[in-house]
Amino acid sequence: MTTSAKPLSVAVIGAGMAGRSHAAGYRNVNTVFGAGLPPVRLAAIADANIALGEDAARRYGYEKALPSWEAVAEDPTIDAVSIVVGNDLHRPIAEALIAAGKHVLCEKPLAGSLEDARAMAELERGAEVVTAVGYSFRRSPGIAAIREHVRAGELGDPTLFSGRYWCDYATDPNGPLSWRFKGGAGSGALGDIGSHIIDAAEYVAGPIISVSGASLSTQITKRPLPLGALVGHNAAPVSDEVGEVENEDTASFTARFESGLVGTFSVTRTGFGLPNGLAFDVLGVGGRAAFDQHRPAEYLFDDAQPAVRTRGARQVIVGPQLPYFAGGVPMEAPGVGASNADHFTYQARAFLDQVAGVTEPLSACATFADALRTMEIIRAVVKSSLGGGAAVQVPPAV
C-alpha cells in the first residue's frame with residue numbers, strides 16, 4: 001500500500017460528464033473527513049478528444065491532458081486511475097492498468113458484456129491492487145441512513161421495495177445515436193441507470209435471488225447519426241442519415257430478495273420531465289422510508305408513533321446526524337443538502353482510503369465482483385423478458 005509519506009498520483013480516463021465528476025472528486029478528497037490521506041497529485045486526464053481533455057485538465061487543476069488511455073497505463077508515476085469511458089472499453093483498460101500495478105476505480109456498469117465482466121471479476125481475485133466500481137449513490141446520506149433503518153429492524157419485517165430510475169435524457173427523437181444506444185438487450189436503460197437502482201436495492205435490502213415479470217421496450221427505434229464527437233447526454237449536430245437503436249428505452253420487472261422481501265422495479269430514459277429520477281420506497285410491517293434523488297437533502301420516514309393521531313411520514317432533513325454529512329460538507333448544518341458532486345467526492349475518498357490503507361477508512365467501494373452480480377441480475381431480467389416474464393434465478397452472491 002502507498003504510505004502517507006508519498007503523494008498519491010491520480011488520473012482519470014475519460015473527460016466527459018462522468019469523467020469530470022471523478023476529476024472533481026479527486027480534487028476535493030483532502031477537503032473532507034479530516035486528515036489521514038497523503039497529498040494527492042492530480043496527474044492527468046486522458047481522452048481521445050484532445051480539446052475536451054485539455055479543457056477538463058484546466059478546469060480541475062490536473063497537470064496535463066493525455067491523448068490515450070495507453071499513455072496513462074505507461075506512466076510509472078501514476079498510482080490510481082478512474083476508468084470513465086464507453087462500457088466496451090472497460091475490460092482492456094482495466095487489464096492494462098492492473099498489469100501496470102495501478103489501482104482502478106471503474107465506472108458502472110462493469111463492462112459491455114457479461115463475459116467481459118466475469119473476466120474482470122476473475123482478474124480482481126488475483127490482483128495485488130485495489131479494484132473498485134463507481135456506485136456513487138451508496139454515498140448519499142439519505143440512502144445510507146435508510147439502509148441503517150432497515151438493518152436495525154426499525155421498519156419491522158420488510159414487505160416491499162419499490163425502486164425506479166426515471167430519466168428524460170433520451171426523450172428527444174433527434175438526439176444523436178451515441179454508444180449508449182448500441183448493444184443488445186439489457187445494455188440500454190437497464191444497464192445504464194438500472195444498474196444504479198439494482199445496486200441501491202441490494203445495498204439497502206440485501207441480495208436479490210430471482211426476478212420475474214420482466215418487460216423491455218424501445219420507444220424511439222431510430223436516431224440520427226452524429227456528425228462529430230459526443231459528450232455525455234448533450235445535444236450535437238446530426239446528419240440526415242439514421243441508425244437503429246439496439247437496446248431498450250424502458251424496462252420493468254419484479255424481484256424476490258433473500259429475506260423474502262418482494263421488489264418492483266422500473267427504469268426509463270424516455271420519462272419526460274425527469275432529469276435524474278432515482279427513487280425508492282421500503283415498506284415494512286412497522287414502518288416505511290422513501291428517498292427521491294430530486295430531493296436529495298431529505299428522506300421520508302414513518303413508524304408507529306405512540307399517538308395514532310400524529311402518525312404519518314416525517315421529513316428527515318439531511319444533516320450531521322446522517323452518514324457522510326458530518327465532515328463531508330463545508331457548512332455542517334441541516335438543510336444545506338448533499339449533491340451528486342459530493343457523492344463523487346466521498347466515493348473518491350473511500351477509494352483512496354483503501355489505496356492508502358488509512359486507519360479509519362470510509363466504507364469500502366463496491367468491487368468488480370459486486371458489479372458482476374448487478375450484471376448477472378440484468379442478464380436474468382433480459383432472460384425473463386425473452387421468456388414471457390418467467391421467473392429466473394439469480395446466481396448466489398459470492
Side-chain angles (χ1 to χ4, degrees), residues 108-109 135-167 189-216 250-268 271 274 276-296 298-304 313-314 316 322-323 366 370-371 373-382 384-385 389 391-397:
K108 46 59 46 196
Y135 283 118
S136 56
F137 287 106
R138 290 188 177 202
R139 307 297 168 179
S140 161
I143 292 176
I146 291 174
R147 180 177 190 255
E148 291 184 350
H149 287 305
V150 172
R151 299 267 169 128
E154 295 172 33
L155 306 185
D157 291 335
T159 55
L160 177 69
F161 180 97
S162 178
R164 53 212 176 270
Y165 203 159
W166 300 341
C167 294
L190 194 54
D192 185 21
I193 53 180
S195 56
H196 268 306
I197 191 61
I198 290 169
D199 180 74
E202 291 206 309
Y203 180 69
V204 168
I208 290 170
I209 60 172
S210 68
V211 300
S212 60
S215 177
L216 277 61
T250 300
S252 63
F253 63 97
T254 62
R256 176 76 63 176
F257 289 76
E258 187 176 77
S259 65
L261 178 69
V262 173
T264 65
F265 294 81
S266 62
V267 298
T268 185
L274 293 161
N276 193 28
L278 181 144
F280 63 84
D281 297 83
V282 189
L283 309 181
V285 297
R288 60 189 175 100
F291 176 82
D292 188 336
Q293 178 58 27
H294 287 151
R295 301 178 69 90
E298 65 185 58
Y299 70 95
L300 299 181
F301 184 78
D302 190 11
D303 60 0
R314 303 188 295 281
V316 180
L322 298 191
D370 294 329
R373 175 171 174 77
T374 305
M375 292 187 66
E376 295 275 14
I377 294 171
I378 289 171
R379 172 64 68 88
V381 172
V382 172
S384 174
S385 72
V392 178
Q393 297 298 118
V394 175

Item to check | Between T268 and T250, a side-chain donor and acceptor under 3.5 Å | outcome: yes

Item to check | Approximate separation, where rounding is to 0.5 Å, of S140 OG and Q293 CD | outcome: 6.0 Å

Checklist outcome for this item: Closest non-hydrogen atoms of L322 and A145, given as atom of the first, atom of the second and distance, are CD2-CB, 3.7 Å

Checklist entry - Measuring from I193:CD1 to L278:CG, what's the distance to the nearest 0.5 Å? => result 9.0 Å

Checklist entry - Can you name the nearest heavy-atom pair linking V211 to V381, along with the distance? => result CG2-N, 3.8 Å

Next on the checklist: Would you compute the distance between atom OG of S266 and atom CG of L190 and round it to the nearest 0.5 angstrom?
Outcome noted: 11.0 Å

Next on the checklist: Show the nearest heavy-atom pair for residues S212 and A391, with the distance to one decimal.
Outcome noted: CB-CA, 3.7 Å

Next on the checklist: Quick check for you: to the nearest 0.5 Å, what is the distance between S210 atom OG and E258 atom CD?
Outcome noted: 11.5 Å

Next on the checklist: For residues 142-155, which residue pairs pass the salt bridge (Lys or Arg N to Asp or Glu O under 4.0 Å) check, not counting sequence neighbours?
Outcome noted: none

Checklist entry - Is there side-chain contact between I143 and R138, with at least one heavy-atom pair below 4.5 Å? => result no

Item to check | Y135 to A366 - nearest heavy-atom pair and separation | outcome: CD1-CB, 3.7 Å

Item to check | 4.5 Å side-chain heavy-atom contact, K108 and D192 | outcome: yes

Checklist entry - For I377 and E202, what are the C-alpha separation, side-chain angles and deciding distance, and is it a side chain to side chain contact (heavy atoms under 4.5 Å, CB included)? => result CA-CA 11 Å; I377 294 171; E202 291 206 309; 3.7 Å; yes

Checklist outcome for this item: Between V394 and A380, the two heavy atoms sitting closest are CG2-CB, 4.1 Å

Checklist entry - Side-chain contact, heavy-atom cut-off 4.5 Å: L155 with F301? => result yes

Checklist entry - Is there a side-chain contact between I378 and S195 (heavy atoms, below 4.5 Å)? => result yes

Next on the checklist: Applying ring-ring contact (aromatic ring centres under 6.0 Å, His included), can you list everything that pairs with Y203, at least two apart in sequence or on another chain?
Outcome noted: none

Checklist outcome for this item: ring-ring contact (aromatic ring centres under 6.0 Å, His included) filter on F161, not counting sequence neighbours, yields F265, F280

Checklist entry - If you take all heavy atoms of A214 and S384, which pair is closest and at what distance? => result N-OG, 3.3 Å

Item to check | Test log, rule salt bridge (Lys or Arg N to Asp or Glu O under 4.0 Å), inputs R373 and D199 | outcome: CA-CA 9 Å; R373 175 171 174 77; D199 180 74; over 6 Å; no

Next on the checklist: Can you see whether S215 engages S252 through a side-chain donor-acceptor pair at a distance of less than 3.5 angstrom?
Outcome noted: no

Item to check | Under 3.5 Å: donor-acceptor pair, side chain of H294, backbone of N276 | outcome: yes

Checklist entry - Looking at side-chain heavy atoms only, is the closest gap between V262 and R256 below 4.5 Å? => result yes

Item to check | Spacing of OH belonging to Y299 relative to CG belonging to D281, to within rounding of 0.5 Å | outcome: 14.0 Å

Item to check | CD1 on I197 to OG1 on T374, rounded to 0.5 Å | outcome: 11.5 Å

